[in-house]
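Take a look at the structure below.
Counting convention: from 1, in listed order, for ligands and their atoms alike. Any value given below was found using the heavy atoms of this structure, including those in side chains, with hydrogens, waters and symmetry copies removed.
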Amino acid sequence: MITEATDLQVGAPAWAAHTTPTAVRRRGGTTVTNDDAREHVVEAALRKLDLDAKTRLLAGQGMWSLPALPEIGLASLVMSDGPIGVRGVRWTADDPSVALPSPTALAATWDPALARRAGRLLAQEARRKGVHVLLAPTVNLHRSPLGGRHFEAYSEDPYLTGEIGTGYVLGVQDGGVGTTVKHFVANDAETDRFTVDNVIAPRPLRELYLAPFEAIVKNARPWGIMAAYNQVNGVSMTEHGHLQNDVLRGEWGFDGFIVSDWMAARSTKRAIEGGLDVAMPGPHTVYGEALAAAVRDGEVAEEAVDHAVRRVLRLAARVGALEGAEPAVPESGLPEAADGDALAREIARRSFVLVRNERGALPLRPGNVALIGAAARDARILGGGSAQVFPEHTVSPLDGLTAALPPGTLTYAIGADPSDELAPAGTGFTLRAVCRDADGRVIGEGSLPSGQVQWIGDDLPDGVTYDTLHSVEVTGTFTPRESGEHAFGTRGLGAFTLTVAGETLYDGVQQMGDESDPFEAFFGAPTERGRVSLTEGVPVEVSLLHPLDREHAAPLPGVMFSFVHLGPRRDPDELIAEAARAARAADTAIVVVATTERVESEGFDRRDLKLPGRQDDLVRAVAAANPNTVVVVNAGSPVEMEWRDDVAAILLTWFPGQEGGAALADVLLGAEEPGGRLPTTWPARLADAPVTEVTPTDGRLPYTEGVFIGYSAWERSGNTPAYPFGHGLGYTTWEYESLDVAPDHAPDHATDHASARVTVRIRNTGTRPGREVVQLYAAPMTDTAERPARRLAAFASVEAAPGQAVDVEIPLPRRTFEIWDEETGRWAMVPGAYAIEAGRSVTDRRLTTSLTL
Ligand code: BGC
């Protein structure tokens, strides 16, 4: 059936869909915006504070909060990571959090309005947990595929990053909760992140790395920014007066607060003068008493302190933590409550990218399924590091498919384990932490998710203080699910005694190695301490005693160590053969492959893009046994898949959040379409990637590639990736029927002026309803400036029924046609002819027209 084209006007960006107007009220006959009214309260409060109180307010009182100042009615401002959930002030499962899919997944939806809904849910979570500010989103770019923390950022493209980030920030702030857009700026890799000096010329700095921050500041007015650990062009970001004061505040009009990344502030004078408002975490920082002393000694002007305090009070007023000020979002204006499970599932299926689907392998046809892979059973639903949250439940692929498939049609085989490392003690362990004082008296107890003691700052079990705490014992039982030799070990620094089934496996001290990143001690490699033969189903007692020893502890305020375990290893060849047999006996084989926490996490970069362990061998063996093999990739960022042409289908599922397995069943069985498009180029081999370097030389990492990263660099290099930026298949087909462009000098929305309007007509030519992401690229036809062959100019999502045609109107932002002029230090429109291309990815461009400016 062919229906007439329907005009789906997309006059404004998708994230603008549900903007709440700034509340206004009348006072004394004049109309005062809430912003104005809050400023009065802020100024009055500021005037009441003496120097000591002011400087105290600028430093963390502990790991996650600022001090309350009752004399001005200021509550303690509480911050928490972000970005996929709200952990709260405890690093434990005691108070679980909804875990949404990874930021790469959110970006793969190419849907800023969905990002906004994610943000609203996170605000709801934050309010539930008493959190005022979410330490998110991460909008650094995927410069090199080796960046270890890419799962936590959005994309290689600054425009897509800015749009998703804008949606996210608007959503969180719709719920009256602040954000800190991070890490400002150029924390694009993790190697030596505390010290690295990223050397970046003005053009790439503006056109790439600052661009998402600029877009978010202008379009979403975030209430906070987090200053990064690294330096840019020789200056530490927490001290970068030019970027923080002149660019962010001066040029872009940012009026929020700037908080340091945790332990990033190093100098009292340079930080306050460079524009940093808050030094975290406390209690030992370069602000507080040190800042008061610097003012008294005449080294720092009190005015600089006042500016910072004003910005913190403004934040407090916005989030409703300052008495007398009406919060930016009053209780009555809060968005409707959202269902976390349902939203997590929706985002997951909308984010899955189907990069290959031969002979209609997906959706699955009825028949027997062999599900294979360690991650199919123990899904990796989120990335590691500070982004970690503890969901109440998780749905693995095995759970999701078991629930969705007819009984008796699913078999499971582990096939290959991606990790040979010991992992936090999970399945089969029942553990608690017992705290004792110097006399051995029990002074408190705590529950333990996966045998991990992660008490940061003041987050100690009830009744326990650092002064009284002498030792922590992790104790309880372990009931193995397999017979054989089980390995046990420790992660963390300091003294440990490890006992399993009455046998002491270790009694010694683990010292800090040569890692420069203190978080490594916490998130770093586990160490095996011994093995014990155990029998399936027979519980044994386990204990890990950790006397506190300040000398060897990690340089962070807290107690952090883990009890780690690894079950019996079976012969890897035998496991693969068993999986191949299962695949042969089934109609379809589904292999779930994954990265591990030692591959993608915070504090280190990747060495390669390989799947860990024997997973490549596993896929090859399964594909040889069953041509109808579907591979599900559970990784936050790209991995090499040398077998990709030998399997029927490949579905990239990122770190899919707590409902990942349910969403996977929706998509594999065809109840829903996989909605994602690649937010980042997926290399076939690391060696082909044009920009890879993440390791500084003599402390410096020059961004020598200039403005060419991501697809721009791939196009320039002439290399072909496995799957290009923007690529992703659905379950229907699309015809791009027409493309028209008209110059437009009328303002589009307050902060950005459209320079042209494009109308694209597409038709759903398949047999089921579908959703398409229409991507517009602009390619300069006259070479008056050195710049990428094309760049993503704009995009829009469209839904259509079978046979239906839809017109979508998309404004092209001015910035598409501008470059940063290093001579004048301004944006400059580059006149000339441009090809305007509409398509399904950066390489699958269906229609082209031209525009002359
Ligand atoms: C990370 C930040 C995070 C902070 C607090 C740092 O190590 O870089 O992204 O917000 O820790 O957990």
Side-chain angles (χ1 to χ4, degrees), residues 59-60 62-66 77-92 97 102-103 122 126 129 131-140 147-154 165 168-169 172 177-196 198 213 222 224-231 236-238 257-266 276 278-282 285 382-390 454-459 515-524 554-558 560 600-605 636:
M63 192 68 179
W64 306 115
S65 62
L66 300 183
L77 280 167
V78 178
M79 306 176 224
S80 169
D81 291 299
I84 61 138
V86 185
R87 196 174 48 243
V89 296
R90 317 204 70 163
W91 203 295
T92 75
S97 315
S102 57
L122 296 171
K129 290 182 168 229
V131 167
H132 302 106
V133 180
L134 191 58
L135 303 172
T138 303
V139 302
N140 300 119
R149 208 176 168 185
H150 279 183
F151 65 90
E152 203 188 310
Y154 293 130
Y168 182 101
V169 168
V172 176
V177 172
T179 53
T180 65
V181 188
K182 67 189 188 183
H183 309 84
F184 189 72
V185 58
N187 181 183
D188 307 299
E190 293 292 282
T191 306
D192 297 346
R193 63 179 171 156
F194 279 81
T195 53
V196 60
N198 294 319
F213 289 95
I225 295 271
M226 185 187 288
Y229 289 124
N230 51 277
Q231 307 177 38
S236 281
M237 277 312 306
T238 46
F257 86 125
I258 302 181
V259 60
S260 71
D261 198 345
W262 266 226
M263 308 200 326
R266 283 148 231 166
L276 183 79
V278 171
M280 289 297 287
T285 75
L382 47 72
S386 62
Q388 198 182 5
V389 300
F390 301 95
Q454 306 186 124
W455 299 332
I456 300 181
D458 308 326
D459 178 24
E515 311 96 0
S516 56
D517 194 323
F519 288 87
E520 256 300 89
F522 177 17
F523 304 125
L556 284 170
M560 292 176 283
E600 285 184 87
S601 186
E602 182 177 326
F604 55 87
D605 288 312

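- Residue W64 has at least one heavy-atom neighbour below 4.0 Å for each of these atoms of ligand 1: 5 (C), 12 (O).
- For the residue pair S601 and G385, the shortest heavy atom distance occurs at OG-N, 3.5 Å.
- Those atoms of ligand 1 that come under 4.0 Å of a heavy atom in R193, given as number and element, are 7 (O), 8 (O).
- Here L382 contributes atom CG and E152 contributes atom CD; the two are 11.0 Å apart, rounded to the nearest 0.5 Å.
- Between H183 and ligand 1, at least one pair of N/O atoms sits closer than 3.5 Å.
- Of the polar atoms of W262, none of the N or O atoms is found under 3.5 Å from an N or O of ligand 1, judged by distance alone.
- Atoms of ligand 1 found under 4.0 Å from any heavy atom of K182 (numbered from 1 in listed order, with element): 2 (C), 3 (C), 9 (O), 10 (O).
- Only one option out of N198, N187, N230 pairs with M237 in a side-chain contact (heavy atoms from CB on, under 4.5 Å); it is N230.
- For the residue pair Q231 and S236, no side-chain donor N or O sits within less than 3.5 Å of a side-chain acceptor on the partner.
- Atom numbering of ligand 1 starts at 1 in the shown order; those under 4.0 Å from a heavy atom of M226 are 10 (O).
- Expressed to the nearest 0.5 Å, how far CE of M263 lies from OG1 of T238 amounts to 12.5 Å.
- When all heavy atoms of G60 and T285 are compared, the closest pair comes out as N-CG2, 4.4 Å.
- Where the criterion is an N or O separation shorter than 3.5 Å, residue side chain and backbone included, Y229 meets it with respect to ligand 1.
- Of all atoms in ligand 1, listed by their number and element, those nearer than 4.0 Å to a heavy atom of E602 are 1 (C), 6 (C), 7 (O), 8 (O).
- Counted by atom type alone, R266 and S260 present zero donor-acceptor pairs between their side chains at under 3.5 Å.
- At least one heavy atom of R149 lies less than 4.0 angstrom from ligand 1.
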